[in-house]
Amino acid sequence: MPNGMSTGYTRLDEVVGEGDAGTVITPALRRARLEQLDRPGVHGEGVPLGKGKTGGGFFTPFAYTVNYVFGAGVLSIPYSVAHAGIIGSCLCMMVSATISAIGMIWSAEALGRAEGILRSQEEDELQSPTLQSFGSRPENRGDAAFRLSGRRIEISELCTIFLGKFWGAFYTVLAALYCIISMWFYGVIFSLSMTQTFPLPLFPSTYVEGKWYEGTLCDLTQDVSLVGPECRETYTLYCALFLLITMVVSCADLAGQKMLQVGFTIFGLGSILCMVVTILVSWALHPYEGHVSNVTVPGDLPGYQTVDLWLDPSGFSTAVMNFVFAFLCHQGVPGILQMVQDKSKVPQIFSAAMFAACICYMTLGAVAASYFGQDPHYGIQKLVTLNWRNYNGDEDPLDRGNALTIFISYMIRLYPVMSVTAAFALYADTAGSVIRAALCPNLKSKWAKIFLRWVVIWLSLLGTAMKSDITIIVNIGGLMGIII
């Protein structure tokens, strides 16, 4: 090295007798030298993708991936299906899921290659005359050179390594914006769901006197800027509550959220199954009444408008944006990889998560769209759980139902609250890591990471408080997703 320059590593000749010309290179000596490198993971050597033998750890990363994919996208899918056609929508979702799964697997492969490049560069900086070159050592031949260690390489850093600084910066901006838009969307879902389900005593005009448990009287199909002042204030207070919750949750790294993420996944899959089952049972007993109590036969009745079975060109272009938005989670690959013990299972985990998400999306979308129809007022809602507001198990909309139907109604309406909290924490971690990697990569303290997460949380929830139109948010997010 030129005078005055330092690699930041301890000189190996001071540690293991590098200056001794008679030194014999043994595996133990080589290991001692490599351990001087500041590499995360076990002895800095990591585990090769496709060759890992540590075993176990399938369900936890699967749950994280499902939460990344689901978020609240599953709740806006039925509305898109109703306005784009059932079969056309299902085919488009299958294509989106397949492309997304392949992209995530390729991202993992690229991260392994980046790890090999970085390890080789780090060893070159040692300038050790007795250390064999990276590629010539037996343990680094073939795909074994591409070990995935404990270090976290963000996709933005990956772009910089392979494509240069410009494309690294370009991806950083896109990924950060996409995460913030997704978090904006999740904040809207949380605030709308809570406003609709639990009106506040502070604002008596938002519910029927003495019957707060029946839900709000606010017209949540409109943007928050267009509703009454007390409805808007209720929404804003729940937005503030979500801010406090997510700031607390974001204090933990992904590994510290294991029980939370797994629990949300189980609850989410159970809620989706419950939605599908209740629709099928209701469908078998009576047609969707559309809030019209005298409906006795199916067909095109007041409050019901049929959905195109094949393809509706007028709504398909908007729906495509939603389908892309719903399946995109590539920016979360680096964080998820840290959860995987056996790296050889990465392709199976990503494929299984995308397959599960696609099946859930298609099933719920087709069944809910067909049953509720696309009537602009009484049909399927942009947030499908709002259709369970008056769920009572029979065709009379004035019937309050029984304890079971009330429990089902609340469980389904509270599903968005659970799902978005899980996904929001994941996206806050990803956005904070992307920004840190781009602006201050050497800033690795716990509180610095938490501060950056809080910054993106505040930015996203600022958008939540100002704009709540789900369709607009999804279209913007879908456009960003296509570019990514």
Side-chain angles (χ1 to χ4, degrees), residues 40-41 57 59-72 150-157 172 175-191 193-194 236-268 329 331-340 414 416-465:
F59 187 74
T60 297
F62 171 84
Y64 275 77
T65 308
V66 168
N67 286 340
Y68 256 118
V69 178
F70 268 7
R151 104 170 87 199
R152 178 166 170 173
I153 305 173
E154 296 299 334
I155 303 296
S156 56
E157 296 175 282
T172 297
L177 287 177
Y178 177 80
C179 288
I180 291 173
I181 291 169
S182 298
M183 294 163 65
W184 171 17
F185 177 60
Y186 298 150
V188 169
I189 296 300
F190 179 96
S191 303
S193 297
M194 293 296 290
T236 303
L237 283 176
Y238 278 124
C239 182
L241 174 63
F242 190 55
L243 173 66
L244 293 176
I245 293 173
T246 53
M247 287 180 68
V248 172
V249 173
S250 66
C251 289
D253 291 328
L254 292 186
Q257 302 174 21
K258 177 180 177 180
M259 297 304 298
L260 180 74
Q261 297 293 338
V262 172
F264 282 162
T265 299
I266 295 172
F267 180 82
C329 66
Q331 66 283 347
V333 170
I336 295 172
L337 284 179
Q338 292 187 311
M339 304 291 108
V340 184
L414 288 177
V417 174
M418 305 289 282
S419 67
V420 301
T421 302
F424 194 97
L426 296 177
Y427 276 91
D429 177 82
T430 299
S433 297
V434 167
I435 294 173
R436 182 182 61 82
L439 301 180
C440 43
N442 296 323
L443 195 61
K444 298 181 180 180
S445 71
K446 176 182 177 181
W447 286 107
K449 296 177 182 178
I450 292 174
F451 174 75
L452 288 174
R453 293 172 198 155
W454 284 359
V455 169
V456 295
I457 287 173
W458 276 87
L459 287 174
S460 60
L461 291 183
L462 179 62
T464 296

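Between Leu461 and Gly187, the closest heavy-atom pair is CD2-CA, 3.9 Å. The shortest non-hydrogen separation linking Cys239 to Ser191 is CA-OG, 3.4 Å. The two residues Cys251 and Lys446 come nearest to each other via the heavy atoms O-CE, 3.8 Å. Considering all non-hydrogen atoms of both residues, Ser156 and Thr172 come closest at CB-OG1, 3.0 Å. Between Arg453 and Ala428, the shortest heavy-atom distance links the atoms CG-O, 3.6 Å.
Ring centroid separation for the pair Phe424 and Phe242 comes in under the 6.0 Å cut-off.
Interatomic distance, OG1 of Thr464 versus CZ of Phe185, reported as 10.5 Å (0.5 Å rounding). To the nearest 0.5 Å, atoms CG (Leu243) and OG (Ser460) are separated by 8.5 Å. Remark: Ile180 CD1 to Tyr427 OH distance equals 13.0 Å, nearest 0.5 Å. Here Ile457 contributes atom CD1 and Thr246 contributes atom OG1; the two are 4.0 Å apart, rounded to the nearest 0.5 Å. The distance from atom CG of Leu462 to atom CH2 of Trp184, rounded to the nearest 0.5 Å, is 10.0 Å. Between the OG atom in Ser250 and the CD1 atom in Ile245 there is a gap of 12.0 Å [rounded to 0.5 Å].
Side-chain contact between Leu241 and Leu237 is absent, with no heavy-atom pair separated by less than 4.5 Å. Looking only at side-chain heavy atoms (C-beta outward), Phe62 and Thr65 stay at 4.5 Å or farther from each other. Counting heavy atoms from C-beta outward, Ile336 and Pro61 have side chains that approach closer than 4.5 Å.
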- Query: Going through the checks in order, is the side-chain contact (heavy atoms from CB on, under 4.5 Å) test met by Val333 and Leu337?
  - Reply: CA-CA 6 Å; Val333 170; Leu337 284 179; 4.0 Å; yes

- Using the side-chain contact (heavy atoms from CB on, under 4.5 Å) rule, take Met194 and Leu414 through it: C-alpha gap first, then chi angles, then the decisive distance, then the call. CA-CA 8 Å; Met194 293 296 290; Leu414 288 177; 4.2 Å; yes

